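Model, not experiment: these values are computed from the prediction.
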Amino acid sequence: MRLGITLFTTDRTISAHELAAAAEERGFASLYVPEHTHIPVSRRTPPPTGVDRLPEEYARTTDPLIALAAAAAVTERIRLGTGVSLPAQRDPIVTAKAIATLDRIAGGRFTLGVGYGWNAEEAADHGVPWKRRRAVVREHVLAMRELWTAEEASFKGEFVAFEASWSWPKPAARIPVLLGGAPGPTLFAHVAEYGDGWMPIGGAGIRAALPALREACAAAGREPVPVVPFGTVPSREKLDHFASLGIEEVVLRVPAGERDDVLPVLDEYARTYLPVT
């Protein structure tokens, strides 16, 4: 079982490229970084963590694609991904080119972790109709995939439309798309339709959810997709449990901090949990 890491990278933490190089050196398989374009001061939407006050780090996240491009330039093996990006808030044509460029810099090492968003005010500033955000994400991902794969790409949907077009560069490899979110029929139908895996936060409840995910994949005529528990606080028992479910990658949460705070945690995780068999 491969182990990756995720850290809420901001302008006040260790940089993504320093973190990626350190993680690769210690043998971690992947690095995922988050995305928020901005955080409106209004707190009509309660924080997703259940706390009364939203942590400042949400307003300070770096752009994940630029940060990961820097990480790609100083690494060779570690997989680099978003955990998670918010495609509903991004122009799909521009984002498709940015991701393809990043993947070529990385030599085919990029994974697109996708979220639907929790902050209604943030989405509203991007013109996203809140109750339709899942449909917007779906079209944006499908449109990007068309741009990544077709010589003459075209798309016609409710939220995205463009005539036959040329768009290069193409990615160096097929971009895996992991969909985040709580288990349920809608999410699993989307995973089965256009995702390459499910990325549940933490990993609690995976065993109970697996039958429904497999049924959704079977209904779509495809084999079961991977599950990648994300932002997991590790323990030996928890990792053994995931391994017993056939899970092949787990992304461990590293508390946000500066270099001197983060590297000892990486060392502890590597010493305690690597290699995983």
Side-chain angles (χ1 to χ4, degrees), residues 2-38 57-115 117 137 140-141 144-145 147-148 167-180 195-197 199 201 228 230-231 249-259 262-263 266:
R2 302 181 304 276
L3 294 184
I5 62 168
T6 184
L7 183 146
F8 222 107
T9 46
T10 75
D11 60 333
R12 292 182 173 176
T13 68
I14 185 173
S15 66
H17 61 276
E18 287 183 291
L19 181 59
E24 182 175 82
E25 180 182 2
R26 287 159 176 78
F28 290 97
S30 56
L31 167 67
Y32 291 83
V33 299
E35 174 173 45
H36 280 284
T37 56
H38 68 301
E57 62 192 25
Y58 280 81
R60 307 193 75 100
T61 57
T62 54
D63 182 279
L65 303 185
I66 294 175
L68 291 176
V74 297
T75 56
E76 296 179 352
R77 300 176 304 280
I78 193 168
R79 191 147 196 97
L80 304 169
T82 52
V84 291
S85 66
L86 300 172
Q89 299 178 185
R90 284 180 166 269
D91 179 281
I93 300 174
V94 173
T95 304
K97 182 178 286 286
I99 288 175
T101 303
L102 165 55
D103 191 63
R104 293 190 73 84
I105 294 171
R109 292 184 284 133
F110 179 72
T111 295
L112 179 63
V114 168
V137 168
H140 282 203
V141 172
M144 289 194 293
R145 187 167 280 156
L147 289 161
W148 292 331
S167 178
W168 284 280
K170 304 297 184 187
R174 187 180 187 278
I175 304 292
V177 175
L178 304 179
L179 300 187
D196 297 295
M199 182 184 270
I201 295 177
V228 182
F230 178 78
E249 181 178 5
V250 179
V251 181
L252 309 182
R253 179 167 66 86
V254 176
E258 297 181 359
R259 181 183 179 87
V262 171
L263 295 188
L266 288 188

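In this structure, Arg26 contributes its side chain and Ala22 its backbone to a donor-acceptor pair below 3.5 Å. Within the 3.5 Å criterion, the main-chain N or O of Leu112 finds no donor-acceptor partner in the side chain of Thr82. Remark: the backbone N or O of Ile99 is not paired with any side-chain donor or acceptor of Arg104 at under 3.5 angstrom. A donor-acceptor pair is defined here as one N or O able to donate and one able to accept, closer than 3.5 Å; no such pair exists between the side chain of Trp148 and the backbone of Arg174. In this structure, Arg12 contributes its side chain and Gly257 its backbone to no donor-acceptor pair below 3.5 Å. Side-chain atoms of Lys170 come within 3.5 Å of backbone N or O of Leu147 as a donor-acceptor pair.
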Between Ser30 and Leu80, is a side chain to side chain contact (heavy atoms under 4.5 Å, CB included) present by the stated rule, with each step listed? CA-CA 6 Å; Ser30 56; Leu80 304 169; over 6 Å; no
The test is side chain to side chain contact (heavy atoms under 4.5 Å, CB included); show your working for Val254 and Phe28 and say whether it passes. CA-CA 12 Å; Val254 176; Phe28 290 97; over 6 Å; no
Can you check side chain to side chain contact (heavy atoms under 4.5 Å, CB included) on Glu249 and Met199, steps first, answer last? CA-CA 10 Å; Glu249 181 178 5; Met199 182 184 270; over 6 Å; no
Side chain to side chain contact (heavy atoms under 4.5 Å, CB included), that's the test. Do Ile5 and Leu3 meet it? Break it down for me. CA-CA 7 Å; Ile5 62 168; Leu3 294 184; over 6 Å; no
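When side chains are defined from C-beta on, Val251 counts as touching Val228, because their heavy atoms get closer than 4.5 Å. The side-chain heavy atoms of Val177 and Asp196, taken from C-beta on, include a pair separated by under 4.5 Å. Here the side chains of Val84 and Pro34 are not in contact, with every heavy-atom distance at 4.5 Å or above. When side chains are defined from C-beta on, Val33 does not count as touching Thr62, because their heavy atoms never get closer than 4.5 Å.
Across all their heavy atoms, Val94 and Asp91 have their closest contact at N-OD1, 2.9 Å. Smallest separation of non-hydrogen atoms from Leu266 and Ala23: CD1-N, 4.2 Å. Taking both residues in full, the closest heavy atoms of Pro87 and Val137 are given as CG-CG1, 4.4 Å, listed atom of the first, atom of the second, then distance. The minimum heavy-atom distance linking Thr37 with Gln89 is given by the pair OG1-NE2, 3.5 Å. A pairwise comparison of heavy atoms in Ala20 and Leu31 identifies CB-CD2, 3.7 Å as the closest pair. Minimum interatomic distance between Phe230 and Thr6 (heavy atoms only, all atoms of both residues): CZ-OG1, 3.4 Å.
How far CD1 of Ile175 is from CG of Asp103: 3.5 Å, rounded to the nearest 0.5 Å.
For the salt bridge (Lys or Arg N to Asp or Glu O under 4.0 Å) test, no residue two or more places apart in sequence or in another chain qualifies with Glu57. Listed by chain and number, the residues in a ring pair (Phe, Tyr, Trp, His ring centres under 6.0 Å) with Tyr58 are Phe8, His36, Trp118 (sequence neighbours excluded).
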Residues 65-76 side chain polar contacts: donor-acceptor under 3.5 Å, at least two apart:
unit_1, atom_1, unit_2, atom_2, d
Thr75, OG1, Ala71, O, 2.8
Thr75, OG1, Arg109, NH1, 2.9
Thr75, OG1, Arg109, NH2, 3.4

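Between Arg90 and Glu35, at least one side-chain N (NZ, or NE/NH1/NH2) sits under 4.0 Å from a carboxylate O, which counts as a salt bridge.
Counting heavy-atom neighbours within 6.0 Å of Ile93 CD1, excluding the residue itself, gives a total above 12.
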